[in-house]
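Just so you know, these numbers come straight off a predicted model, no measurement behind them. Just so it is clear, the values below take in all heavy atoms, side chains as well, and ignore hydrogens, waters and symmetry mates.
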Amino acid sequence: MRVVVQNDINRAHGGRGNKGRRTGVRGALAALTLAAVVSGCTQPGAEKAVPPAHGAQPLHAPPARALDSYATKLRAAYAARVAAAKRWGLAKVPLQAPPAPAHKPEITARKGFEVDDQEELNLPPVFTTIPTKQKIVFLTIDDGEEKDPAFLRMMSDLKIPYTAFLSNYLVKDDYGYFRKMQAEGHTVNNHSLTHPYLPGLSYAEQKREICGMQDIMKKQFGKAPTVFRPPYGNYNHDTLVAAKSCGIKYAPIWDEEVYVDHWEYREDDQELHPGDIVLTHFRGRADWKGTMVDDMRRFLGKVTAEGYAVARLEDYL
């Protein structure tokens, strides 16, 4: 569509006076407006809108009220985490882990940690790290000697997932404490009946240690676990064969261990890595120079400062 300039309008009206020109301008503009509406264009090069295909449904944006409600919930959840971090003396708010993977990674025995016939017998793999590129680590806690109520409150407030590996001789006086953990969504797993050095036992004795704990855990928690950690991280071929016969599928150990006053590392680089399994223990002032809450401050302080979130181990198994 051609835009008519003033001179065109003047010529169209034969050079009439100002009043005539003004009237002509108004008439010409009206004609231009009508032409634009009829032609469907508003500027040079504009194209006529393409109508939707027959039967197509119009798109609807989510209701503003629903979006506002969701945003409000996110702000409230973050504010709660900020308050919890401050309440428990953390320098930074712990990072949130990503959603559990839709497709779980393949878990195999760490190189050098296999036993004879590992693959042929499909024995539970011993591993220290979950294969992932995400900046996540996994918190695991062993034995069950210390039963600190403040620890339960802290981890509940901060929404930090963890996995407990329990030995019957240390937890039998208060299984209720660990049922509270389970009710919060944390997983309780097998760490043997009496925490012995398993490679020093016969196959039958090892099986009794592992299967006996399976039976107790099924009674106490409603089901037997499929994850077992050998005491001290020590095992042999008989350990894994016995574990498999008791229903165990995985035998994770650890890549780092955190204490109330320091960290220890398996790798020479002395660093955290994506997917690392971190070990600590249910211990208090009787054994350490601090409480489990102090221990968690050290753990969370380091992983958060280095940009790691704490994920749930069983989500990846």
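- Within the 3.5 Å criterion, the main-chain N or O of P274 finds no donor-acceptor partner in the side chain of Q134.
- Contact annotation: the side chain of R298 approaches that of W263 to within less than 4.5 Å [non-hydrogen atoms, C-beta and beyond].
- Connection of V241 to I248 is not established within any shared hydrophobic cluster, with ILVMFWY side chains joined at heavy-atom distances below 4.5 Å, either directly or through further cluster members.
- Shortest non-hydrogen contact noted between K244 and L123 is CD-CD2, 4.2 Å.
- Between the side chain of E256 and the backbone N or O of D276, no donor-acceptor pair lies under 3.5 Å.
- A cation-pi geometry, defined here as NZ or CZ lying under 6.0 Å from the six-membered ring centre and within 45° of its normal, does not hold between R297 and W88.
- In this structure the side chain of L158 never reaches within 4.5 angstrom of the side chain of M296, judged on heavy atoms.
- Distance OG1/T163 to CG/L279: 12.0 Å, rounded to 0.5 Å.
- Between atom OG1 of residue T187 and atom CE of residue M181 there is a gap of 11.5 Å, rounded to the nearest 0.5 Å.
- Put simply, the side chain of Q206 reaches to within 4.5 Å of the side chain of N236, judged on heavy atoms.
- Listed for the T140 side chain is a donor-acceptor partner under 3.5 Å among the backbone atoms of V278.
- The main-chain N or O of G144 is found under 3.5 Å from a side-chain atom of K147 such that the two form a donor-acceptor pair.
- Cluster annotation: V227 and V188 are assigned to distinct hydrophobic clusters (Ile/Leu/Val/Met/Phe/Trp/Tyr, side-chain heavy-atom contacts under 4.5 Å, transitive).
- Rounded to the nearest 0.5 angstrom, L272 CG and E267 CD are separated by 11.0 Å.
- Between the side chain of N189 and the backbone N or O of R229 there is no donor-acceptor pair closer than 3.5 Å.
- The 12-atom threshold is not exceeded at CD of E106, counting heavy atoms of other residues, nucleotides or ligands nearer than 6.0 Å.
- Judged purely by atom type and a 3.5 angstrom limit, E209 has no side-chain atom pairing as donor or acceptor with the backbone of S192.
- Residues F282 and F178 bring their aromatic ring centres within 6.0 Å.
- The only member of L170, V171, L166 that meets side chain to side chain contact (heavy atoms under 4.5 Å, CB included) when paired with D143 is L170.
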* To do: Could you walk me through whether L300 and V310 pass side-chain contact (heavy atoms from CB on, under 4.5 Å), step by step?
  => CA-CA 9 Å; L300 291 170; V310 184; 4.1 Å; yes
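- If you take CD1 on I160 and CZ on R312, they are separated by 14.5 Å, rounding to the nearest 0.5 Å.
- Scanning both residues, L193 and M213, for their nearest heavy atoms gives CD2-N, 3.6 Å.
- A continuous path of Ile, Leu, Val, Met, Phe, Trp and Tyr side chains, each step under 4.5 Å between heavy atoms, connects V137 with M154, placing both in one hydrophobic cluster.
- The cluster map of Ile, Leu, Val, Met, Phe, Trp and Tyr, joined by side-chain heavy atoms under 4.5 Å apart, puts I130 and L139 in different clusters.
- A salt bridge does not link D295 to R283: none of the charged side-chain nitrogens sits closer than 4.0 Å to a carboxylate oxygen.
- The structure places CG of L95 at 5.5 Å from OG1 of T304, a figure rounded to the nearest 0.5 Å.
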* Walk me through it: do I253 and R266 pass the test side-chain contact (heavy atoms from CB on, under 4.5 Å)? => CA-CA 11 Å; I253 48 177; R266 187 180 297 274; 3.8 Å; yes
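- When ring centroids are compared, Y259 and H281 stay outside the 6.0 Å threshold.
- Cluster membership check: Y197 does not share its hydrophobic cluster with I210, using side-chain heavy-atom separations under 4.5 Å among Ile, Leu, Val, Met, Phe, Trp and Tyr.
- A distance of 4.0 Å separates CZ in R110 from OG1 in T128, rounded to the nearest 0.5 Å.
- Remark: aromatic rings of F151 and Y162 are close, center separation under 6.0 Å.
- Heavy-atom contacts from other residues, nucleotides or ligands closer than 6.0 Å to CD of E120 number more than 12.
- Tested against F138, the residues F127, W254, Y316 include a single ring pair (Phe, Tyr, Trp, His ring centres under 6.0 Å) partner, Y316.
- Closest of all the heavy-atom pairs between C211 and S245 is SG-OG, 4.4 Å.
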* To do: I would like to know whether I277 and D255 meet side-chain contact (heavy atoms from CB on, under 4.5 Å); could you show each step before the answer?
  => CA-CA 6 Å; I277 298 171; D255 214 46; 5.6 Å; no
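- Contact detail for I136 and P98: the closest heavy-atom pair is CG2-CD, 3.6 Å.
- Under the 3.5 Å distance criterion, the side-chain polar atoms of K180 are left unmatched by any main-chain donor or acceptor of P149.
- Using modelled atom types, one side-chain atom of Y177 and one backbone atom of D148 make a donor-acceptor pair closer than 3.5 Å.
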* Asked: Run the side-chain contact (heavy atoms from CB on, under 4.5 Å) check on Q96 and R81 step by step: do they pass?
  -> CA-CA 10 Å; Q96 283 192 304; R81 295 203 311 275; 3.3 Å; yes
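- Atom NZ of K104 has more than 12 neighbouring heavy atoms from other residues, nucleotides or ligands inside a 6.0 Å radius.
- Listed here is the closest heavy atom pair of P125 and A109: CB-N, 3.4 Å.
- Considering all non-hydrogen atoms of both residues, V260 and G290 come closest at CG2-CA, 3.9 Å.
- Y265 OH: more than 12 foreign heavy atoms inside a 6.0 Å radius.
- Under the 3.5 Å distance criterion, the side-chain polar atoms of S167 are left unmatched by any main-chain donor or acceptor of Y169.
- Side-chain atoms of E271 and H273 form no donor-acceptor pair, as typed in the model, at a separation below 3.5 Å.
- With S156 contributing its side chain and L152 its backbone, the two residues share no donor-acceptor pair below 3.5 Å.
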